[in-house]
Amino acid sequence: HAMPSLNLRPALLALAATAGLLAVGCASMTTRTQTAMLLDQELAGPQRTEADRARDAWRHPKETLLFFGLRPEMTVVEITPGAGWYMKVIAPLLREQGRYIAALPATGEGQIAERQLQQFKALVAEWPAKLGKAEVAPFLPGQPIAPDGTADMVLTFRNIHNWMSRDFQAVAPKAMFDALKPGGILGVVEHRGNAAIE
């Protein structure tokens, strides 16, 4: 009996605490068109490798981030950014007017946590002008990823399946919800599998 193969096309989900997305109505917000132009600049930036750009055709970063409503003046928490594929786009976009926070497991939480922290530090050291204002917050059960009600957006890319294997899926959403402002946006990208093949 053959195992079904996984199709790694991402499934997108955007959740908003209110239908109106309160931040969109603010007069000082950058428009979607302005944000799109700024995203184009960061997607073409030197901090992104050719391998990063090669994945754009499948991951659709510009479309994904615009769909979630990202704007340069937001406070955004990215949950476990890994090798920084999205961080290299989001953190530079936010560096002048906004705030980027990478929620990472703390030192001492195992080899994966250590590797993620080292990847983050290495990226920031390599691109200080682009990523130097990026911040780190702990991502551990029972600890806040940002002060309650301060994040405009919390993003997680291809992480939920990992949390499910570690029984972390029950506590991670609470930390994300607590960090969000009223009307804040939780953006989730996750793998999607093919239907079972008989």
Walk me through it: do Y100 and E135 pass the test side-chain hydrogen bond (donor to acceptor under 3.5 Å, both in side chains)?
CA-CA 6 Å; Y100 173 89; E135 303 172 39; over 6 Å; no

Is the backbone of [Y] close enough, under 3.5 Å, to the side chain of [X] for a donor and an acceptor to pair up by distance?
| X | Y | answer |
| --- | --- | --- |
| R95 | K130 | no |
| R32 | L66 | yes |
| Q47 | K88 | yes |
| D40 | M37 | no |
| T35 | T31 | yes |

For P92 versus E42, what's the shortest heavy-atom pair and its separation?
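Answer, listing the atom of P92 first, then E42: CB-OE1, 3.2 Å.
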
Minimal non-hydrogen separation, A134 against M87, with atom names:
CB-CE, 4.2 Å

From [X] atom [atom1] to [Y] atom [atom2], the distance as rounded to the nearest 0.5 Å:
| X | Y | atom1 | atom2 | value |
| --- | --- | --- | --- | --- |
| D178 | M176 | CG | CE | 10.5 Å |
| I185 | D152 | CD1 | CG | 8.0 Å |
| L38 | E96 | CG | CD | 10.5 Å |

What class does the angle between the rings of F157 and Y86 fall in, given that below 30° is parallel, 30 to 60° is tilted and above 60° is perpendicular?
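F157 and Y86: parallel rings.
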
Does R55 make a cation-pi contact with W85, if we ask for NZ or CZ under 6.0 Å from the ring centre and within 45° of the axis?
no

Flag this pair as yes if the NZ/CZ of R48 is under 6.0 angstrom from the six-membered ring centre of W127 and inside a 45 degree cone about the axis; otherwise no.
no

Is there a path of hydrophobic side-chain contacts, each under 4.5 Å between heavy atoms, that joins L39 and F67?
yes

Could you walk me through whether T30 and E73 pass the side-chain hydrogen bond (donor to acceptor under 3.5 Å, both in side chains) check?
CA-CA 8 Å; T30 305; E73 52 278 342; 2.6 Å; yes

